[in-house]
Engineer: 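After the structure tokens below, expect a handful of questions from me.
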Amino acid sequence: MLSPTARALMAYEAVQGAPGITADRIAERLGISDRAARRYIAILREAGLPIESVRGPYGGYKVGRGARPAPLIFTQAEALGLVMAVLDGHHAAGDTADPVGSALGKIVRVLPESLGAQVEAVRRTAAPAPDRGAARPDLEITSGLVRACAQNLRVRVGYRTEAGSEWTAEVDPWAIVVRHGRWYLLCHSHAAGARRAYRIDRVTAVEVLPTAFRPPADLDPVAVLDAHLAVGWEFRAEILIEAPMADIHAWLSPALGALTPGPEPDTTILTGSTSNPGWYAQQLTVIPADYRILDSPEIRDAARRIAERLLAAARPKSVGGAA
């Protein structure tokens, strides 16, 4: 038999997980009467939890915003999943001096002892391998950009390029996108009069300005960023693929370029650009069809070097080392 406190917490979890839930549905979940379900809602309100009534023919209950923080209720799968996700994306999660590690520790401490012990064991014994390509930005700078994006306010950003040059620009921050372990600010630059994508780990300062802006209608930040990252680099890429677009679309990142129908039936043209021909040639090797590198001598040379290494690796050798 569950205690009244346990049933009240279960009622709260039901409201938290399904805003608008009715008393009869709460009763059905808990195996109690409708009257008892309403009594548990009253108990939660007496405890200071902001349970609001939703009006209308299908009205019910939802958790409102209150001055007191509402309790967090995790299942074992949810708690372990949260820790695993944090470990996967932030490799200092076990460091109590790190902001993420400190926040995760607070969550672990409020879990029930049996569940908290399992979660803490995973947190302390997991040894995640750091992503060498990841570049995590400064938390205060990211927080300022997030606030500006949410409030549609222009910002003045300081930026340091990979080459070390620094400049300041006013931009309209449309969105923040995390792509391949890197954080990007997708925005409109007033100095350039064009769309830009800046790596947030290279932003040195942020000043939120009082000027409001209107972001583009129906903006798809991920698609726009991928399209932006595929153009404007110094080495042109043009690839003829011996397969229809439908067969290869899922194999290629949009950051490699745009796909268009080829000159012959069941062929496709990939057009893009890159600053790293070796990386680009390596990405092409996943294509499950024959392809030819056309107007791209740098990528062609990089592909030749990759092919030579693969052929050398596949060449049989005797025990003494002679072929």
Side-chain angles (χ1 to χ4, degrees), residues 81-95 97-104 107 126 128-192 194-209 213 215-216 218-233 252-257 272-276 279-280 282-283:
L82 175 63
V83 173
M84 290 170 67
V86 172
L87 287 170
D88 184 57
H90 192 95
H91 303 290
D95 182 2
D98 181 86
V100 173
S102 175
L104 186 59
I107 293 176
D131 181 358
R132 299 185 184 278
R136 294 184 179 87
D138 180 83
L139 290 177
E140 291 189 9
I141 286 176
T142 307
S143 177
L145 291 174
V146 168
R147 181 167 66 89
C149 288
Q151 298 178 357
N152 293 340
L153 292 175
R154 186 176 300 177
V155 295
R156 183 180 292 117
V157 296
Y159 197 78
R160 181 183 298 113
T161 67
E162 186 175 8
S165 59
E166 298 188 17
W167 45 260
T168 301
E170 290 190 10
V171 303
D172 294 340
W174 293 346
I176 291 174
V177 183
V178 182
R179 203 79 170 97
H180 306 302
R182 291 175 179 163
W183 293 62
Y184 294 91
L185 173 65
L186 186 64
C187 61
H188 172 80
S189 169
H190 289 275
R195 177 186 67 199
R196 290 290 185 265
Y198 299 133
R199 279 183 42 180
I200 300 180
D201 60 294
R202 293 178 181 164
V203 175
T204 59
V206 172
E207 179 185 357
V208 180
L209 304 176
F213 70 91
D218 302 323
L219 175 68
D220 184 340
V222 175
V224 172
L225 178 68
D226 281 338
H228 180 85
L229 294 178
V231 298
W233 305 102
L252 296 174
S253 166
L256 292 177
S273 65
T274 182
S275 63
N276 189 336
W279 172 85
Y280 199 97
Q282 188 175 17
Q283 303 307 305

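Everything numeric here is computed off the predicted structure, so don't read it as measured data. Below, each value reflects all heavy atoms present in this structure, side chains not excepted, and no hydrogens, waters or symmetry copies.
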Engineer: Going from CG on L209 to CG on D172, what distance comes out if it is rounded to the nearest 0.5 angstrom?
Structural biologist: 9.5 Å
Engineer: For side chain to side chain contact (heavy atoms under 4.5 Å, CB included), just list the numbers for V157 and L145, CA-CA rounded to whole Å, side-chain angles, deciding distance to a tenth of an Å, and then say yes or no.
Structural biologist: CA-CA 9 Å; V157 296; L145 291 174; 4.2 Å; yes
Engineer: Please check if the distance between the ring centroids of Y198 and Y159 is under 6.0 Å.
Structural biologist: yes
Engineer: So, do P216 and W174 sit near enough that their side-chain heavy atoms are less than 4.5 Å apart?
Structural biologist: yes
Engineer: If every non-hydrogen atom of V203 is compared with every non-hydrogen atom of I141, which pair is closest and at what distance?
Structural biologist: O-CD1, 3.1 Å
Engineer: Counting only heavy atoms from other residues, nucleotides and ligands, does the tally under 6.0 Å from CZ of R160 exceed 12?
Structural biologist: no
Engineer: In the structure I gave you, are the side-chain heavy atoms of F213 and P173 within less than 4.5 Å of one another anywhere?
Structural biologist: yes
Engineer: Nearest 0.5 Å, please: how far is CD1 in I176 from CG in L186?
Structural biologist: 10.5 Å
Engineer: Checking the side chain of T142 only, and the main-chain atoms of D138 only, is there a donor and an acceptor separated by less than 3.5 Å?
Structural biologist: yes
Engineer: Is it the case that more than 12 heavy atoms not belonging to E140 sit under 6.0 Å from its CD atom?
Structural biologist: no
Engineer: Does any part of the side chain of H188, heavy atoms only, come nearer than 4.5 Å to the side chain of R195, both counted from C-beta?
Structural biologist: no
Engineer: Quick check: does any side chain N or O of T168 sit under 3.5 Å from a backbone N or O of G158, one acting as donor and the other as acceptor?
Structural biologist: no
Engineer: Quick check: do Y184 and I200 have side-chain heavy atoms less than 4.5 Å from each other?
Structural biologist: no
Engineer: First locate atom CH2 of W183, then atom CG of D201, and finally report the distance between them rounded to the nearest 0.5 Å.
Structural biologist: 11.5 Å
Engineer: Would you say the side chain of H190 lies within less than 4.5 Å of the side chain of V171, judging by non-hydrogen atoms?
Structural biologist: no
Engineer: When rounded to the nearest 0.5 angstrom, what distance separates CD in E166 from OG1 in T161?
Structural biologist: 8.5 Å
Engineer: Rounded to the nearest 0.5 Å, what separation is found between the CG atom of L185 and the CZ atom of R199?
Structural biologist: 13.5 Å
Engineer: Are N152 and P215 packed together at the side-chain level, in the sense that at least one heavy-atom pair is separated by less than 4.5 angstrom?
Structural biologist: yes
Engineer: To the nearest 0.5 Å, what is the distance between CG on L256 and OG1 on T274?
Structural biologist: 8.5 Å
